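Here the structure is a predicted model, which means the values were calculated and not measured. Both backbone and side-chain heavy atoms feed into the values below; hydrogens, waters and symmetry mates do not. Counting begins at 1 with the first residue of the sequence.
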Amino acid sequence: MASHIARRKFLATLSGAVVAWPLAARAQQPAMPVIGFLNPASPDGYTERLRAFRQGLKDTGYAERENVTIEYLWGENQIDRLPALAAELVRRDVSVIAAASAIAAFAAKAATATIPIAFVVAEDPVRLGFVASLARPGGNMTGINFFSGELVAKQLEFLREVVPAARRVAVLVNPSNASRVESTVRDAEAAAGRAMQLQIQVVNASTSREIEAVFAGFVGERPDALLVGSDPLFTSRRVQLTQLAAVHRIPATYPVREMAEVGGLMSYGGSLTDAYRQFGGYAGRLLKGAKPADLPVLQPTKFELVINLPTARALGLEIPATLLARADEVIE
């Protein structure tokens with residue numbers, strides 16, 4: 001009897017050890033790192049870019065929900081929400097902040113000087129104060145300089161080739177994005193006044209309704225052409241923009257190929273898909289422990305000219321053969 005009781009005690013002890021060991025092992029496992037993804041726009045239209053971002057992460061050994069968590073915070077085109085969203089990511093103690101625009105990067109920079117920040121921005125990050133230099137960022141920020149905002153002169157040049165009689169060009173900017181407005185208007189006016197002899201008319205829109213109002217205003221005084229500035233709002237509202245340009249029969253140039261793909265006349269800029277893949281790769285490298293101060297800011301090496309021929313025909317425009325030959329893609 002005594003030996004039977006002793007045997008039962010031994011089995012109970014062994015069973016408790018079997019149950020307790022996995023619990024202890026799980027308790028010792030490190031928590032999954034978290035990336036805070038901060039974007040001033042809405043998720044609409046970001047499917048391909050997010051896929052590229054995750055691919056960049058995967059290239060560095062991270063797969064979402066397997067060994068990394070991504071917390072997505074969207075400003076829904078309400079820029080004044082970004083400081084609070086960035087502060088929320090800091091409170092959550094994320095491992096890395098991925099700032100998907102200059103405005104998001106400003107908010108992240110103001111929120112923390114210690115959490116590593118990867119950014120993708122269209123303007124010069126040195127001029128914006130994010131990094132000390134492109135080669136040696138020097139702080140807690142680094143990333144991808146897409147610099148589509150610096151290609152305005154070339155966009156105007158291509159637009160003038162398509163519409164050689166153009167004299168007045170409207171330039172659409174988002175006044176909520178002050179730094180982008182300044183660089184876009186400066187570059188447009190400098191290019192227009194040098195050799196093209198164009199008159200620049202700056203028009204502002206920071207909401208979908210204001211975009212509608214801009215085009216409604218063109219009814220009384222229609223510009224010869226339109227240049228749409230680089231801004232997350234305009235990218236997210238690309239279908240609205242291209243449809244309004246078609247309705248009002250205004251030849252327009254855009255900063256990213258996604259706009260030409262949904263009916264815009266033409267676009268010129270770097271590849272957003274490539275930029276987001278590099279963006280994800282940098283977020284992954286920061287997770288692995290790389291220091292932002294030592295990771296040089298990456299810049300695109302190739303720019304794409306995309307021309308939409310059905311849109312040109314609908315506008316009654318003849319695209320010069322010389323320009324078609326230089327295009328990276330002609331949408332038939």
Practice item. Treat each ILVMFWY residue as a node, draw an edge where side-chain heavy atoms are under 4.5 Å apart, and state whether I331 and F158 are in one component. Key: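 Different clusters.
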Within the 4.5 Å heavy-atom criterion, are [X] and [Y] side-chain neighbours or not?
X    : Y    : result
Y46  : P232 : yes
L286 : P292 : yes
L265 : L317 : yes
P251 : V162 : no
V297 : F130 : no
L50  : I70  : no
L305 : M266 : yes

Exercise for review: Begin with the C-alpha distance, continue with both residues' side-chain angles, and end with the deciding distance and a verdict on side-chain contact (heavy atoms from CB on, under 4.5 Å) for V214 and E210.
Suggested key: CA-CA 6 Å; V214 163; E210 289 178 1; 5.6 Å; no
Any idea which heavy atoms bring [X] and [Y] closest together, and the distance?
X    : Y    : value
N308 : G263 : ND2-CA, 3.7 Å
D224 : V163 : O-CG1, 4.2 Å
P255 : G229 : CG-O, 3.9 Å
F119 : A105 : CB-CB, 4.2 Å
N140 : A113 : ND2-C, 3.5 Å
A104 : L82  : N-CD1, 4.1 Å

Point to revise | CA sep, side-chain torsions, deciding dist, call: S271, K302, side-chain contact (heavy atoms from CB on, under 4.5 Å) | key: CA-CA 8 Å; S271 167; K302 184 177 184 297; over 6 Å; no
Review point. Under 4.0 Å between a Lys/Arg side-chain N and an Asp/Glu carboxylate O for E157 and R160?
Key: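 No salt bridge links E157 with R160.
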Check your understanding: Can you check side-chain contact (heavy atoms from CB on, under 4.5 Å) on I117 and V96, steps first, answer last?
Key -> CA-CA 6 Å; I117 299 169; V96 171; over 6 Å; no
Point to revise | Option passing side-chain contact (heavy atoms from CB on, under 4.5 Å) with P137 (candidates V131, D294, L295) | key: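 Answer to the side-chain contact (heavy atoms from CB on, under 4.5 Å) test with P137 among V131, D294, L295: V131.
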Taking only residues two or more places apart in sequence, or in another chain, which ones meet [X] in a side-chain hydrogen bond (donor to acceptor under 3.5 Å, both in side chains)?
X    : result
R127 : none
N67  : none
Q201 : R168

Check your understanding: So L309 and L324, side-chain contact (heavy atoms from CB on, under 4.5 Å) or not? Walk me through it.
Key -> CA-CA 10 Å; L309 279 185; L324 288 174; 4.1 Å; yes
Review point. For R326, what residues pass the salt bridge (Lys or Arg N to Asp or Glu O under 4.0 Å) criterion, not counting sequence neighbours?
Key: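 For R326, the residues satisfying salt bridge (Lys or Arg N to Asp or Glu O under 4.0 Å) (neighbours in sequence not counted) are E161.
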Practice item. Could you give me the CA-CA distance, side-chain angles and deciding distance for E88 and R91, then say whether salt bridge (Lys or Arg N to Asp or Glu O under 4.0 Å) is met? Key: CA-CA 5 Å; E88 175 64 21; R91 280 195 296 273; 2.7 Å; yes
Review point. Q278 and D274: side-chain donor and acceptor closer than 3.5 Å?
Key: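 D274 and Q278 do not have a side-chain donor-acceptor pair below 3.5 Å.
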Practice item. Ignoring hydrogens and angles, state whether a donor on the side chain of Q78 or R81 is under 3.5 Å from an acceptor on the partner side chain. Key: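 Judged by distance alone, the side chains do not pair up.
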Practice item. Take R51 and E48 through the test salt bridge (Lys or Arg N to Asp or Glu O under 4.0 Å) and record every step on the way to the result. Key: CA-CA 5 Å; R51 184 178 291 118; E48 288 303 318; 2.4 Å; yes
Check your understanding: How long is the span from the CD atom in E212 to the CG atom in L241, to the nearest 0.5 Å?
Key ->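 One gets 9.5 Å once the value is rounded to the nearest 0.5 Å.
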Check your understanding: Is there any ring pair (Phe, Tyr, Trp, His ring centres under 6.0 Å) pair reaching into residues 203-231, and which pairs are they, with sequence neighbours excluded?
Key ->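 The answer is F215-F218, F215-H248.
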Exercise for review: Show your reasoning for whether salt bridge (Lys or Arg N to Asp or Glu O under 4.0 Å) applies to R54 and E64.
Suggested key: CA-CA 7 Å; R54 296 185 190 105; E64 187 176 10; 2.7 Å; yes
Point to revise | For F279, ring-ring contact (aromatic ring centres under 6.0 Å, His included) partners two or more places apart | key: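 Applying ring-ring contact (aromatic ring centres under 6.0 Å, His included) to F279 gives F53, Y276.
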